[in-house]
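Here the structure comes first, spelled out in structure tokens, and everything after it is commentary.
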Amino acid sequence: MAAVMPAPAQSRLLMSGNEAVARAVWESGVKVAAAYPGTPATEMLEVISTYPDLYSEWSVNEKTSLEVAFGAAMAGSRAFCAMKHVGLNVASDALMTLTLTGVAGGLVLAVADDVGLSSSQNEQDSRFWGRFAHVPILEPADSQEAYEYTKLAYELSERFQTIVILRLTTRICHVKALVTVGERVPHVAAGFKKEAARWVMVPGAAARRIPLMFEREGKLREEAEVTSINVVESGEGGKTDRRVGFITSGPAYMHVRESFPNAPVLKLGLSFPAPFEKIRAFAATVEHCVVAEEVEPLLETELKAQGIKVIGKEILPRQGELAPHVLKPAIARLLGEEVPKVAKTLPPLPVFPRPPTMCVACPHLGVYYTLSQLRNVTISGDIGCYTLGFGHPWNALDACISMGASMGMALGLDKGRGAAEKDKKIVAVIGDSTFLHMGMQGLLDIVYNRGNVTILLLDNRAVGMTGGQDNPGNGRDIHGEEAPRVDFAKLVKALGVKEERVHEVNPYELPTLLKRLREETKIEEPSVIITNEPCVLITDYHKLKPFTVIDDKCTGCGNCLDTGCPAIHVTKRDSVVKPSGKTVDLAWVRIESSVCTGCGLCVQPCAPDAIVHADTVAKVSVMQRH
Amino acid sequence: MSEITNILVVGIGGQGVMTATEILAEAAIALGHDVKKTEVAGMAQRGGVVSSHLRFGPKVLSPQIAPGEADILLGFEPAEGMRWAHMLRPNSMALMNTGRLTPPVVELGLFEYPEDPVQQMKEAGTRVYAFDASAIAMELGDIRLGNTVMLGAIADQLPFPAETLEKCVLKRFARKSEAVIEQNRKAFAAGRAAAAAALKGEAVPA
Ligand SMILES: Cc1ncc(C[n+]2csc(CCOP(=O)(O)OP(=O)(O)O)c2C)c(N)n1
Ligand code: SF4
Ligand code: SF4
């Protein structure tokens, strides 16, 4: 994205939480911002990259992004890093020690939890990291607060010389609301001051910094007692109903306020370290004190340990959002009231599921079509668009847990074969971005430990899953400008894969792909097959002439449907009994030529050659008319 | 309607559901309302289910519309309208595009597409006004005009003038050619007419 003129101060803008954070980062005079994409956090860096006067980058993974931001903060600059929740698992090694060194310039880490699991592999609660690393957690409840807390986070970070975690959730990142923005205040970097006892964490130095970390936590707890973002609110319009009071933070605050306008609320903006005394005093003013936190009972457990009487996950779920329709019945039950029927709702109507699909002409289609033809194979998968290969029509991905895991899992599947699996082929499938993120190390492990795995490295020159971002594999930086490009073939050879075991193939050439896969899975050593066609979402992709189906020629074999291209639609179904007595299902098809990009994939399995270029058919009909 | 208006816009990835909701939000803001609007990103983009909640009024707290509390449903695809119909207050209005988009799971014969989504929604207790917005858009020369048609359709059902919404729609294309602006003007008008006709119970010429 190119730099644009930021909106003037005092503008009131409709902004997502991500956009609001980005604006505040810019206004705070941040010099370095780094991230690896991940839903729902991706847009923070995307938007930051459009602002002038700061350096931004797509890093190779979350750990490098945090290290880059930390480096800048050591140099006395203000720095920013953003990631999705699982990213912090990857970056945690850096976090757990940089909490000891502290920072010179302000360092803010925005972590986006996918509460409600809209697009992630788990629903972990990032507020744990505050407790684990002894660093403060700020929890905004909407876009305006996301903006304000980001600016506040820089003040806190510099005042207490610590990284500050800004904990967001999908409901903050991806809800748009009005934000009043302000002026940019430049920040001057103090420069790096050499100080081994501070920055070199050898055991002796680290041991001396641990007490300082605890001292800082104590001071932050005092801050939490007095800060204006930890605030007691009484009921709306002076009507306070003291039967239930809530201690809450983040988006749950909005749901609580919406559901119980008359209830007293203690809203925690700085939720860790928690202000125990403020909470104790608040709890004494209400009959039942309920902790409404998404998602784990972290604060609740701490308060109970403090001897403060609170109720939490006894009545509220430990998973998903605490939306009004979840809160209201739970509180009614607590008060022994009749549980309100959710507003006499209409019955849900049964509708087919509509899972996300791969794009029309996606370069992964041919790979999964081919994999679905292989027998006696276990397919170790990874995270990306190609994870969808587990579904219909391919059913060709057998495991997926975390980024890069396809490599290690494949080696484990190989070494840990069951007694009856002697001849089982192990294939690992991994995308380019995922390979660079965490897969390379796993491949090295396969090579070094002489694993018998065939690796499909799907190089579509993009981080497709998160919207087609650039990465070191496509030679473009975050601004779309030319950058050094990784040579995957050379890279895997350098890791020790034999020259003759590395192949580049065009994933639309089905026979070549099948032949290569058959050959390489037979050979009992690591091999890498690299596909080399781009994601259809990016500018590298070029459309070709669209295809159509000649109705009279289509025999209803349905082979083309096995490619999984969403441009192919069934027009008619039937089943016939073959002379052998076997029933065969038939499906006649048409191609939606307005979306077909002419990749030619479905043409190949079509036995009667019924799929032809749309313009040739048009010509034929014109000629017939003459 | 209470102080807060709850509009639910649904469809599938790529249909412009998000943009349409954003334009509705802009119109509400132009009239001085507080606004919250949910986004969907990630997996849902690729042909998956997309729904966006828009809430506006003097002050909006929770961004989510609770089941049974949507005032209007704007459905970009009939089966998707059906999927979310239970979010409506009983007897509320759904404005629905009848242009179907069948997903691969239906193409592969694993699931059936409901025979008559509009009828089923009516039977369940929703006032449904349906028209073929996809066909209208195609007629006007571009399927992508579908979301402008849908915005035209809802324009007369909002607690503010249709012209405010139209202005916000056209502002989106301010930097485009006059022809594109004109196309959208026509699409908006066609959507208004289609909804008006459906409300009158007339058949709509597609
Ligand atoms: C640790 C971690 N960081 C980020 C993500 C979000 N994410 C999911 S898949 C993916 C990358 C996909 O890119 P690639 O491997 O190139 O496959 P493609 O989607 O392009 O097919 C990302 C960033 C994640 N799931 N886990
Ligand atoms: S975004 Fe790219 S990689 Fe992902 S499904 Fe679409 S074409 Fe394939
Ligand atoms: S040629 Fe076939 S597989 Fe390729 S985009 Fe067109 S319909 Fe899809």
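Computed from heavy atoms alone, side chains included, the values below leave out hydrogens, waters and symmetry copies. In what follows, every chain begins at residue 1, and chains take the letters A, B, ... in the order their sequences are listed. Values in this document were obtained by computation on a predicted structure and should not be read as measured data.
- B/Ala85 approaches A/Leu349 most closely through the heavy-atom pair CB-CD1, 4.4 Å.
- Among all heavy-atom pairs drawn from A/Arg171 and B/Pro63, the shortest one is CD-CG, 4.1 Å.
- Of all heavy-atom pairs between B/Ser62 and A/Glu258, the closest is N-OE1, 3.1 Å.
- In the displayed structure, A/Lys328 atom NZ is contacted under 6.0 Å by more than 12 heavy atoms of other residues, nucleotides or ligands.
- Residues A/His255 and B/Gln64 have side chains that bring a donor and an acceptor to within less than 3.5 angstrom of each other.
- Between B/Arg89 atom CZ and A/Leu346 atom CG the span is 11.5 Å, to the nearest 0.5 Å.
- Interface remark: A/Asp142 contributes side-chain atoms only to the contact with chain B (heavy atom separation under 4.5 Å).
- Between A/Pro350 and B/Met82, the shortest heavy-atom distance links the atoms O-CE, 3.5 Å.
- Here the OG atom belonging to A/Ser143 is positioned 8.0 Å from the NZ atom belonging to B/Lys36, to the nearest 0.5 angstrom.
- Counting non-hydrogen atoms of other residues, nucleotides and ligands closer than 6.0 Å to CH2 of A/Trp394 gives a total above 12.
- To the nearest 0.5 Å, the span separating CZ on A/Arg12 from CD1 on B/Ile29 amounts to 8.0 Å.
- Of the atoms belonging to B/Glu77, it is side-chain heavy atoms, and not backbone ones, that fall under 4.5 Å from chain A.
- Note that CZ of A/Arg354 and CD of B/Glu80 are 4.0 Å apart. Values are rounded to the nearest 0.5 Å.
- Only the side chain of A/Glu321 comes within contact range of chain B, with at least one heavy atom under 4.5 Å from a heavy atom of that chain.
- With sequence neighbours excluded, the residues satisfying side chain to side chain contact (heavy atoms under 4.5 Å, CB included) with A/Ala587 are A/Leu561, A/Val570, A/Arg573.
- Qualifying ring-ring contact (aromatic ring centres under 6.0 Å, His included) partners for B/Phe56, counting only residues two or more places apart in sequence or in other chains: B/His33, B/Phe160.
- Taking the charged nitrogens against the carboxylate oxygens, A/Glu236 and B/Lys59 have no contact shorter than 4.0 Å, which rules out a salt bridge.
- Residue A/Pro353 touches chain B through both its backbone and its side chain, counting heavy-atom pairs closer than 4.5 Å.
- Put simply, of B/Glu22, B/His86, B/Met87, the one with the most heavy-atom pairs under 4.5 Å next to chain A is B/His86.
- Here the shortest heavy-atom pairing between A/Leu14 and B/Ala25 reads CD2-CB, 3.9 Å.
- Between B/Gly47 and A/Thr357 the shortest heavy-atom distance is CA-OG1, 4.4 Å.
- The contact between A/Pro347 and chain B is made by backbone and side chain atoms together, counting heavy-atom distances below 4.5 Å.
- In terms of heavy-atom pairs under 4.5 Å with chain B, the best-connected choice from A/Pro393, A/Ala141, A/Gly38, A/Pro40 is A/Pro393.
- By a heavy-atom distance cut of under 4.5 Å, B/Leu101, B/Thr102, B/Pro103, B/Pro104, B/Val105, B/Val106, B/Glu107, B/Leu108, B/Gly109, B/Leu110 are the residues of residues 100-110 of chain B near chain A, going up by number.
- Remark: A/Lys572 pairs with A/Trp588 by the side chain to side chain contact (heavy atoms under 4.5 Å, CB included) rule, at least two apart or across chains.
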